[in-house]
There are 2 protein chains.
Amino acid sequence: MPDNPPHSRAAGKTRDRTVARTVYDTLRRRILDLDLVPDTTLSRTELAKDFQVSLTPLRDALQLLEQDGLVRIFPQSRTLVTRIDRRDLLETHFLRVAAETEVVRRLARRPDMPALKTARACLDKQTVLVARPGRMDRFSDLDRQFHLALFEGVGMGNVHAMLQRKLGSILRCQRLDLPSPGKLQEIVAGHKDILDRIEAADPEGAAGAMRAHLSGSISRVSALRNKFPDYFVAED
Amino acid sequence: MPDNPPHSRAAGKTRDRTVARTVYDTLRRRILDLDLVPDTTLSRTELAKDFQVSLTPLRDALQLLEQDGLVRIFPQSRTLVTRIDRRDLLETHFLRVAAETEVVRRLARRPDMPALKTARACLDKQTVLVARPGRMDRFSDLDRQFHLALFEGVGMGNVHAMLQRKLGSILRCQRLDLPSPGKLQEIVAGHKDILDRIEAADPEGAAGAMRAHLSGSISRVSALRNKFPDYFVAED
DNA sequence: TGCGTCTCGCTAATATATCAGTTGTCCGAT
DNA sequence: ATCGGACAACTGATATATTAGCGAGACGCA
């Protein structure tokens, strides 16, 4: 067994991003924006031409998107943008609730002041943005940063990144649901409740607040399914 | 938007498994068995010859293994089997604890009798196997089935499968740690405690029992690192 | 008209070739 | 002796070609 090899990349001229990653990010963005709607056939020939790349990195990108649940590759046949699947939503929600409640329990037992300060700052900025309906992108970004700050407070920033990748269908639902009256106020109130209970050293209270907060993401799925049936997998 | 397209594959002659998947499973097995030890350089030319496949499915397989944290691909350079990284272990453990405690809380609040029956049956079989030191593979399989039964009891079988893929480094640690005296008894006792508390409708008790049980997976990491330093990433 | 089979065009998986970048070795200069 | 630069061999990423399979439409028969 050789000596300890370098486990970090030396500074160099390596391309920071592969073509595949760029294609993946762009297609993912377009799917989440509902620009590429469910059941859209993704033609590799067309996409390769559009992106001016060969089939290999495009293939890599599509495989990643399939892992995210955003596309489904039918072998030797075609590739479709998926419909939102309630099963998948429930599984993603479960994972998210499990992880985020564990995070806030740990924070309530052992606070990390810089992380809580960051989270509180995000909350303050979000509070200001509630009154500015044109700043949804910024609000969403702060929302993500709020949750990331909590994860980093328990040293689990990478877990947060991993979970983000799985949130495709929840994000698509949120996109369908915009703008929903009172929703932003509800989110801000939820964040405040969570932080208050963490700071009150109340693990189960914080977990309950987080659970309630996250339930907002799926509380309107049935209504959305009725309103946009073509975006959802038909139930048995 | 077209009519609801078929979302299941019609029975047909499609290959059930891709070459890439087969290669992935084999390499993953060999890494987890510590047959391919950390820092081993994986030569694509050699592997393609060994498996008698072209570079493309081999590339697919290696990319999946990289996502599992088992190999690291240095662009334009080489591909190595990873050392076990403490950071990665902690993240995997976090995710596992979060998910499994959430599962048992839910089961304690709302038991699923078939799932609990399955779990109890696994426990009984494991109890018998403790006295048969040559049956580790079977014991591990029952262990996995025990946990799967719990996940299925809350309708989250797919989440269990997802988590399994991330367990590579924990499984490698367990492999290094075999046979550890009293370990099997400890596992069996943990399973029993978990089930008892679920059946006693004690969510927090069940969560605590699961937390204690899972902590066994990482309690000996420091000792293993001292014993097998070449298998672990050096700490800063 | 409806159903089954066949054919062809299309697609994804794999094979092979080429390009882009890394790394190790050798040689020359100090 | 040591260090730096050049070059060649090697590797992974991408491009292109070929193979394997799917599915829709057309045709024939009852």
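Each chain gets a letter, A, B and so on, in the order the sequences are listed, and its residues count up from 1.
- If you check the side chains of T82(A) and R172(A), you find a donor sitting under 3.5 Å from an acceptor.
- One distance of note links OG of S222(B) with CZ of R225(B); it measures 6.5 Å at 0.5 Å rounding.
- When the P atom of dC10(D) is taken as reference, atom NZ of K49(B) falls 12 Å away, rounded to whole Å.
- For D141(B) and R144(B), the salt-bridge test passes: some basic side-chain N is under 4.0 Å from an acidic carboxylate O.
- Rounded to an integer number of Å, the gap from Q52(A) CD to dT14(D) C1' is 15 Å.
- Residue S54(B) places at least one side-chain N or O under 4.0 Å from the OP1 or OP2 atom of dA15(C).
- Within a heavy-atom distance below 4.0 Å of DNA chain C, the residues of residues 56-71 of chain A found are R59(A).
- A salt bridge links R211(A) to E102(B): at least one charged side-chain nitrogen sits closer than 4.0 Å to a carboxylate oxygen.
- Aromatic pair H147(B)/H160(B): centroids not less than 6.0 angstrom apart.
- Atom-to-atom, CG of L55(A) to P of dA12(C) comes out at 9 Å; the value is rounded to the nearest Å.
- Rounding to whole angstrom units, CD of residue E46(B) and P of dG12(D) are separated by 12 Å.
- Looking only at atom types and distance, the side chain of R96(A) has a donor-acceptor partner in the side chain of S217(A) under 3.5 Å away.
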Extract from the structure each pairing of a protein N or O with an N or O of nucleotides 6-11 of chain C at less than 3.5 Å, listing the distance.
from	atom 1	to	atom 2	distance (Å)
dT11(C)	O4'	S77(A)	O	3.1
dT11(C)	O3'	S77(A)	O	3.1
dT11(C)	O2	Q76(A)	O	3.0

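- Taking A99(A) as the reference, F151(A), L163(A), F94(B) meet the side-chain contact (heavy atoms from CB on, under 4.5 Å) condition, with sequence neighbours excluded.
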May I have the step-by-step check of side chain to side chain contact (heavy atoms under 4.5 Å, CB included) for T56(A) and R59(B), ending in yes or no?
CA-CA 11 Å; T56(A) 309; R59(B) 180 162 181 275; 3.7 Å; yes

